[in-house]
J.: 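Just passing along the structure, written as structure tokens.
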Amino acid sequence: MDFTYSIWILLLPLISFLVIGLPEFVNKKYSWSHKTAGLIGTCSLGLVAALSYYTAFQYFTADRLADGTFATFVPYNVTWLPLGHLHFDLGVLLDPISVMMLIVISTVSLMVHIYSFGYMHGEKGFQRYYAFLSLFTMSMLGLVLATNIFQMYMFWELVGVSSYLLIGFYYTLHAAVHASKKAFIVTRFADMFFLIGILIFGYYTGSYNFSFAGHVEYLNGAAAFTTADSARALAAGGMILPTALVLMFIGGAGKSAMFPLHIWLPDAMEGPTPVSALIHAATMVVAGVFQIARLFPVWIEYAPQALEVVVIVGAFTAFYAAAVACAQSDIKRVLAFSTISQIAFMMVALGVCLPGHHGAALDNHAQLGYMASMFHLFTHAMFKACLFLGAGCIIHAVHSNEMSAMGGLRKYMPITHITFLISCLAIAGIPFFSGFSSKDEIITACFEYSPLCGWWMTGVAAMTAFYMFRLYYGIFWGTENKELHAHHTPHEAPVTMTFPLVFLSIVTVGVGVVTTLGGFCDWSWASFGSIVSAAGTAYTVHFDPQVAATSTVIAILSIALATYIYKGEKQPIADKLYATFPRLHRWAYKRFYMDEVYQFVTHKILFRYVSHPVQWIDEKIINGLIDFTAWGANEAGETIRPWQSGDVRQYAVWFITGTVALTLLLLCL
């Protein structure tokens with residue numbers, strides 16, 4: 001099978017970045033016009049999306065191997081840095097999850113490029129913005145197509161740089177600069193653990209492969225991977241590999257904003273709203289989830305018990321973020337904490353995968369969480385991107401992020417209203433919307449793992465439905481800010497902004513209807529597990545009627561509660577709850593003071609008791625020792641300088657004196 005064209009999926013956005021960015025950065029006199037720069041970036045992404053869809057069609061319609069799995073194709077793989085038997089490679093790897101991620105990244109990125117034509121119209125730095133979008137897209141595509149862990153890490157860091165540039169796009173604003181630095185520092189701190197884990201992994205296995213087994217087809221003369229030393233890996237599996245994998249998970253937790261490394265994501269909303277949709281809702285923040293999924297065979301074989309760490313961190317993060325989202329008034333921050341909570345759902349789903357079901361070595365039913373996690377990654381990308389882009393339309397209309405400036409907008413923005421509602425129903429887990437199918441399977445997997453875990457995540461799902469419809473009613477119903485709207489009447493966004501909303505909502509409904517019917521009717525072709533599963537073989541999703549019914553009823557009750565409290569012109573119940581529990585509301589609104597905790601730990605403890613003493617030692621002792629050495633050498637030079645005066649008579653005196661002294665010494669001996 002020919003996939004040699006797949007390299008262009010990476011090269012096109014790179015070329016777009018260079019074509020748009022170089023004139024902008026070298027000499028602004030030769031910069032493209034706004035329209036031309038936008039067209040170059042959008043057309044480039046259109047070609048990437050077309051190639052990605054063609055790749056997916058060609059890959060998933062190909063014949064499976066004899067064992068029922070999809071082959072792993074490597075169209076390109078070159079040795080970049082040889083180090084004896086171990087070498088670092090760069091290439092393109094196509095397997096079910098990488099091909100699925102191509103669809104996610106290219107689709108959302110293309111919609112953001114189209115949307116930005118309207119949202120960023122007239123903005124200073126328009127060309128720079130589109131150049132950075134292309135750079136980010138190339139970085140994320142390189143990450144998911146990586147043939148080995150080290151290549152993944154390289155593009156992982158490029159994603160971090162791209163995120164820094166896009167978050168700080170409004171670099172004249174202090175808040176944007178602060179947010180970009182915060183995101184960069186927190187994720188770099190986490191990435192330090194990722195790198196340490198990679199080095200441990202490579203040292204003990206002799207390979208940077210994602211898996212130590214599996215069928216790989218090398219195309220176009222691609223170089224073969226370094227073969228792992230299975231004996232060394234097995235010997236290291238007792239403690240070393242679990243340690244390496246947990247360290248790499250910390251890097252993923254930073255990128256995916258898991259507690260307590262989540263603090264950068266809400267502040268990242270200071271960037272343009274389309275950036276929030278692309279980076280911090282649909283693609284970048286799922287990099288940590290993708291990392292665990294990519295290394296899943298190693299986790300299952302060598303560190304199944306370590307997955308408990310993923311479960312605990314994910315379950316707590318899901319609840320924490322949902323609790324904070326219930327109290328936020330900035331609509332982008334509600335969606336930011338919603339993203340954190342939903343990414344945590346995906347993490348939990350991967351963590352609850354069992355090493356064997358009823359004693360079996362590995363079967364798909366035991367790995368239900370893996371399939372559900374990847375499915376939720378796909379569905380969440382679509383409806384969360386729609387929510388963020390819808391929020392951009394709303395902010396574009398009322399010039400504010402606060403819900404107090406909104407209310408009653410359904411009359412002015414019908415398209416945004418309907419698409420936003422569809423996405424809210426999807427994330428709430430209502431049947432026939434995409435979020436229902438993926439979230440229901442996650443909860444089913446959680447119940448298989450532990451009833452406590454199952455009910456915990458069911459409760460978080462209920463909170464999700466509640467805070468999303470609190471947001472929905474606060475924007476489109478509730479109390480209209482007539483005074484503000486009188487000065488500036490809200491209006492529907494232009495077609496360049498509404499088209500992506502319609503497209504993403506159609507995907508959300510279409511996938512939801514097909515997979516919901518498929519789950520109840522046992523349609524194997526409609527199951528996400530038919531293309532992505534833990535063991536690689538086709539897996540037909542069968543809904544658990546009890547879990548499906550329970551989660552649906554709870555979601556409906558949560559929506560009904562939000563409707564009862566927030567739909568009306570006035571919200572007396574909400575006001576009474578706030579008056580009754582002001583401290584709890586304040587804590588949730590302030591994110592349980594996690595930023596203040598970090599400020600205290602860094603400034604009051606680390607800076608005062610670590611950094612300042614280290615600085616004093618550096619300045620007074622180390623620098624003092626170096627200065628003393630220099631002073632001593634200088635003084636010694638000044639002392640012996642007269643010995644080299646050039647006076648021959650003085651030299652003769654010293655010579656005779658020395659000769660006499662030496663003669664007397666020898667005579668005495």
Side-chain angles (χ1 to χ4, degrees), residues 12-46 48 105 108-140 158-185 187 264-265 267-284 332 336 385 388-389 391-401 493-494 496-497 500:
L12 283 171
L14 175 61
I15 293 170
S16 173
F17 165 68
L18 295 175
V19 170
I20 299 172
L22 282 179
E24 177 72 12
F25 303 139
V26 174
N27 191 334
K28 290 185 179 294
K29 184 171 67 173
Y30 301 108
S31 294
W32 302 97
S33 67
H34 285 201
K35 186 176 181 180
T36 304
L39 283 173
I40 292 172
T42 305
C43 291
S44 170
L45 257 295
V48 169
I105 296 168
V108 176
S109 184
L110 178 59
M111 292 301 107
V112 167
H113 275 72
I114 296 172
Y115 181 92
S116 297
F117 257 105
Y119 189 87
M120 300 298 290
H121 178 70
E123 287 275 6
K124 183 180 179 181
F126 188 90
Q127 300 92 331
R128 174 169 52 91
Y129 170 82
Y130 267 90
F132 290 161
L133 281 186
S134 295
L135 177 64
F136 170 79
T137 305
M138 184 274 296
S139 303
M140 196 65 203
L158 269 177
V159 167
V161 171
S162 307
S163 175
Y164 169 79
L165 294 171
L166 285 167
I167 295 169
F169 175 76
Y170 298 118
Y171 59 87
T172 56
L173 302 178
H174 173 74
V177 173
H178 174 75
S180 62
K181 290 192 297 183
K182 188 175 184 179
F184 192 79
I185 292 170
T187 53
W264 66 271
L265 184 58
D267 289 350
M269 299 301 109
E270 294 296 336
T273 302
V275 170
S276 303
L278 176 62
I279 299 181
H280 308 109
T283 52
M284 172 183 162
K332 286 180 68 175
F388 262 110
L389 296 180
C393 292
I394 295 160
I395 295 167
H396 184 265
V398 301
H399 304 292
S400 175
N401 292 20
T496 53
M497 296 170 66

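These numbers come from a predicted model, not from an experiment.
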J.: Listing request: all side-chain hydrogen bond (donor to acceptor under 3.5 Å, both in side chains) pairs with a residue in residues 168-181, at least two apart in sequence or in separate chains.
T.: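 Found E123-Y170.
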
J.: Is there a side-chain contact between T137 and H113 in this structure, where contact means two heavy atoms from C-beta onward sitting under 4.5 Å apart?
T.: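 The answer is yes; the side chains approach within 4.5 Å.
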
J.: Do S109 and L278 touch side chain to side chain, with heavy atoms closer than 4.5 Å?
T.: yes

J.: What closest approach, in Å, do S33 and Q127 show between heavy atoms, and which atom pair accounts for it?
T.: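 In this case the closest contact between S33 and Q127 is C-NE2, 4.1 Å.
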
J.: Minimum heavy-atom separation for L133 and S116, please, with both atom names.
T.: CD1-OG, 4.2 Å

J.: Roughly how far, to the nearest 0.5 Å, is the NE2 atom of H121 from the NE2 atom of H396?
T.: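 The distance works out to 9.0 Å.
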
J.: For the pair S44 (side chain) and I40 (backbone), establish whether a donor and an acceptor sit closer than 3.5 Å, ignoring hydrogens and angles.
T.: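 No; zero donor-acceptor contacts below 3.5 Å.
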
J.: Roughly how far, to the nearest 0.5 Å, is CD1 of I167 from CG of D267?
T.: 9.5 Å

J.: Examine distances only and state if a side-chain atom of T42 and a backbone atom of L39 form a donor-acceptor pair shorter than 3.5 Å.
T.: no

J.: Distance-only, no hydrogens or angles: does the W32 side chain make a donor-acceptor pair with backbone N or O of P23 under 3.5 Å?
T.: no

J.: Output the distance between atom CD1 (I20) and atom CG (L135), rounded to the nearest 0.5 Å.
T.: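 Nearest 0.5 Å value for the CD1-CG distance: 11.0 Å.
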
J.: So which heavy atom on G392 is nearest to which on Y119, and how close?
T.: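 So the minimum-distance heavy-atom pair works out to O-CE1, 3.4 Å.
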
J.: Within a reach of under 6.0 Å around NE2 of H34, are more than 12 heavy atoms found that belong to other residues, nucleotides or ligands?
T.: yes

J.: Checking side chain to side chain contact (heavy atoms under 4.5 Å, CB included) between M120 and each of F126, Y115, Y130, which is the one that passes?
T.: F126

J.: When the ring centroid of F136 is compared with that of F132, is the distance short of 6.0 Å?
T.: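 For F136 and F132, the ring centres are not under 6.0 Å apart.
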
J.: Please give me the minimum heavy-atom distance between P274 and L389, naming the atom from each residue.
T.: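 Closest approach of P274 to L389, heavy atoms only: CA-CD2, 4.2 Å.
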
J.: Output the distance between atom CG (L45) and atom OG (S134), rounded to the nearest 0.5 Å.
T.: 6.0 Å

J.: Quick one: closest heavy-atom pair of P500 and I114, and the distance?
T.: CG-CG2, 4.2 Å

J.: Could you check whether any side-chain heavy atom of K332 comes within less than 4.5 Å of a side-chain heavy atom of I395, counting everything from C-beta outward?
T.: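 Side-chain contact under 4.5 Å: yes.
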
J.: To the nearest 0.5 Å, what is the distance between OG1 on T187 and CE on M284?
T.: 5.5 Å

J.: To the nearest 0.5 Å, tell me how far R128 CZ sits from L165 CG.
T.: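 Those atoms lie 9.0 Å apart.
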
J.: Would you name the heavy atoms of K124 and F169 that are closest together and state the gap between them?
T.: O-CZ, 3.6 Å

